[in-house]
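Report on one structure; see the data block that follows.
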Protein chains: 2
Amino acid sequence: MLSAACKESIRAMIYITHAGGERKIIPVKDVAEKLDTSFYFLAKNVQKLVKAGLLFSYKGPKGGVKLAKKPEDIKLIDIVQAIDGLEFFETCLLGFKECSDEHPCAIHHKWADKRRAIYKMFSETSLKEIVEDMEKLCIDVIF
Amino acid sequence: MLSAACKESIRAMIYITHAGGERKIIPVKDVAEKLDTSFYFLAKNVQKLVKAGLLFSYKGPKGGVKLAKKPEDIKLIDIVQAIDGLEFFETCLLGFKECSDEHPCAIHHKWADKRRAIYKMFSETSLKEIVEDMEKLCIDVIF
DNA sequence: TATATTTAAGAATAAAGAGTCTTAATTCTT
DNA sequence: AAGAATTAAGACTCTTTATTCTTAAATATA
């Protein structure tokens, strides 16, 4: 459902929120190390997050990225939209080309419920909430 | 979430149920024509459905496929499992490697709800129900 | 100013998924 | 028995996604 790039981007955003938030600049290299992933791959996805207005970036020594908004104002759906787009929430589960609310396939309404619930969860869950929950539950923010 | 192959396979199974069910043998070529899709691609996926025990196949003139079970006994989840596998239902939404019920990530429980609801829907919805609904609602079985 | 550090951009490569084709095996019909 | 129809199997190509790398641009610091 989420691409590898999108999952990694969300994990990265969680880490950035935890480690620096809106204040401290974190080098992408550090993020890649913490996530135990490819710097190259991560850096490319981070560029999309910058273009989408979710991160500010700074070049040069002491450079890196930080949140462009308050953690409570960045929702999971924003990251999904920036990386994968919202096609998942807009197309028929079975690929019927003409399926719509007015001309539904046989599982359209059942699926619409589930999809709406997922969309709701993604648009209500903020980075702030995630990070606070993880800290509260003594869960490693990244693992 | 579902691959193109899986969506098409479900549509094909719906059509086969509608057109022949357990009784009548339908050539894959006819299915491809009705679905307005590639015979080659469909045929390859149909092979998986045969191997998974969802379809019987018959070679030669008058050959084709028919359901290997009663339409009420074939659930969407069976098709998903045959084509895509169940990985979606078994792995962390964010790709945290060690995420589990015992060691959950911050959205594990929220997501587990949604995923369970989807699984439930997929394992409760049978081909019989889908086809009957479409016929009842005067929806083209394939469109 | 020179150097080192870091992101930006895009090229290059690898892997996976999608889609096509060819040949073999089977089986109905004549 | 021969020919035609149909699935089975696997090779092949194309597209997309994932991943790596190279070069350019920006900037802090000595």
Side-chain angles (χ1 to χ4, degrees), chain A residues 1-13 16 19-20 24-68 80 82-85 87-88 91 95, chain B residues 1-13 16 19-20 24-68 80 82-85 87-88 91 95:
Chain A
M1 174 198 169
L2 301 180
S3 68
C6 191
K7 293 178 181 185
E8 186 172 288
S9 297
I10 294 175
R11 295 201 305 276
M13 289 294 276
I16 292 164
K24 194 171 156 201
I25 294 175
I26 312 288
V28 176
K29 186 159 151 264
D30 289 6
V31 180
E33 271 170 22
K34 290 291 182 183
L35 295 189
D36 188 27
T37 188
S38 152
F39 166 76
Y40 296 126
F41 187 56
L42 180 61
K44 216 171 58 153
N45 295 129
V46 161
Q47 282 181 39
K48 289 188 190 170
L49 299 170
V50 171
K51 281 183 186 157
L54 303 181
L55 291 174
F56 288 139
S57 67
Y58 304 90
K59 291 181 178 176
K62 304 263 177 91
V65 295
K66 70 178 190 186
L67 297 188
V80 172
I83 305 293
D84 283 350
E87 199 197 349
F88 172 78
T91 54
Chain B
M1 173 197 170
L2 301 180
S3 68
C6 191
K7 291 179 182 185
E8 187 172 289
S9 297
I10 294 175
R11 294 202 305 277
M13 290 293 277
I16 292 165
K24 194 172 156 201
I25 296 175
I26 312 287
V28 175
K29 185 160 151 263
D30 290 5
V31 181
E33 271 169 23
K34 289 292 183 184
L35 295 188
D36 189 25
T37 187
S38 152
F39 166 76
Y40 295 127
F41 188 55
L42 179 61
K44 216 171 56 159
N45 296 128
V46 162
Q47 282 183 39
K48 290 187 189 171
L49 299 170
V50 171
K51 282 183 186 157
L54 303 181
L55 291 175
F56 288 140
S57 68
Y58 304 89
K59 291 181 178 175
K62 304 263 177 90
V65 295
K66 69 179 190 185
L67 296 190
V80 173
I83 306 293
D84 283 350
E87 200 198 347
F88 172 78
T91 54

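Worth knowing before you read on, the calculation uses all heavy atoms, side chains too, and leaves out hydrogens, waters and symmetry mates.
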Counting N and O atoms only, with roles assigned by atom type, does the side chain of B:Asp84 sit under 3.5 Å from a partner on the main chain of B:Ser3, one being a donor and the other an acceptor? yes
What residues, two or more places apart in sequence or in another chain, satisfy side chain to side chain contact (heavy atoms under 4.5 Å, CB included) together with A:Ala68?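 For A:Ala68, the residues satisfying side chain to side chain contact (heavy atoms under 4.5 Å, CB included) (neighbours in sequence not counted) are A:Phe56.
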Using side chain to side chain contact (heavy atoms under 4.5 Å, CB included) as the criterion, list what pairs up with A:Ala4, not counting sequence neighbours. none
Just how far, in rounded Å, is [atom2] of [N] from [atom1] of [X]?
{"X": "B:Asn45", "N": "D:dA9", "atom1": "CG", "atom2": "P", "answer": "14 Å"}
{"X": "A:Leu49", "N": "C:dT7", "atom1": "CG", "atom2": "C1'", "answer": "14 Å"}
{"X": "A:Gln47", "N": "D:dA18", "atom1": "CD", "atom2": "C1'", "answer": "15 Å"}
{"X": "A:Ile26", "N": "C:dT5", "atom1": "CD1", "atom2": "C1'", "answer": "16 Å"}
{"X": "A:Leu55", "N": "C:dT6", "atom1": "CG", "atom2": "P", "answer": "17 Å"}
{"X": "A:Ile25", "N": "C:dT6", "atom1": "CD1", "atom2": "P", "answer": "12 Å"}
{"X": "A:Leu2", "N": "D:dT17", "atom1": "CG", "atom2": "C1'", "answer": "15 Å"}
{"X": "A:Lys48", "N": "C:dT7", "atom1": "NZ", "atom2": "P", "answer": "18 Å"}

Drop me the distance from A:Ile25's CD1 to A:Leu55's CG, to the nearest 0.5 angstrom. 11.5 Å
How long is the gap from CD1 on A:Ile16 to CG on A:Leu49, to the nearest 0.5 Å?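 If we round to the nearest 0.5 Å, A:Ile16:CD1 and A:Leu49:CG are 7.5 Å apart.
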Under 4.0 Å between any heavy atoms, over every strand shown, what does A:Val28 touch: base, sugar-phosphate, or nothing? Just pick one.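 It contacts sugar-phosphate atoms only.
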Selection residues 46-60 of chain A - residue pairs positive for side-chain hydrogen bond (donor to acceptor under 3.5 Å, both in side chains), sequence neighbours left out: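 Matches after skipping sequence neighbours: none remain.
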Treating primed atoms plus P, OP1 and OP2 as sugar-phosphate and everything else as base, which nucleotides of nucleotides 19-30 of chain D get B, S or - for protein heavy atoms under 4.0 Å? BBBB--BBBBS-
Let me spell it out: for each of B:Gly63 and B:Lys51, pick the nucleotide of DNA chain D with the closest heavy atom. Which residue's pick is nearer the 5' end?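 Closest to the 5' end, via its nearest nucleotide, is B:Gly63.
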Phosphate OP1/OP2 of D:dT6 contacted by B:Ser57 side-chain N/O (<4.0 Å): no
Tabulate below the donor-acceptor pairs under 3.5 Å that side-chain atoms of residues 27-38 of chain B make, not counting sequence neighbours, or state none.
{"residue": "B:Thr37", "atom": "OG1", "partner": "B:Glu8", "partner atom": "OE1", "Å": "2.7"}
{"residue": "B:Ser38", "atom": "OG", "partner": "B:Tyr40", "partner atom": "N", "Å": "3.2"}
{"residue": "B:Ser38", "atom": "OG", "partner": "B:Phe41", "partner atom": "N", "Å": "2.9"}

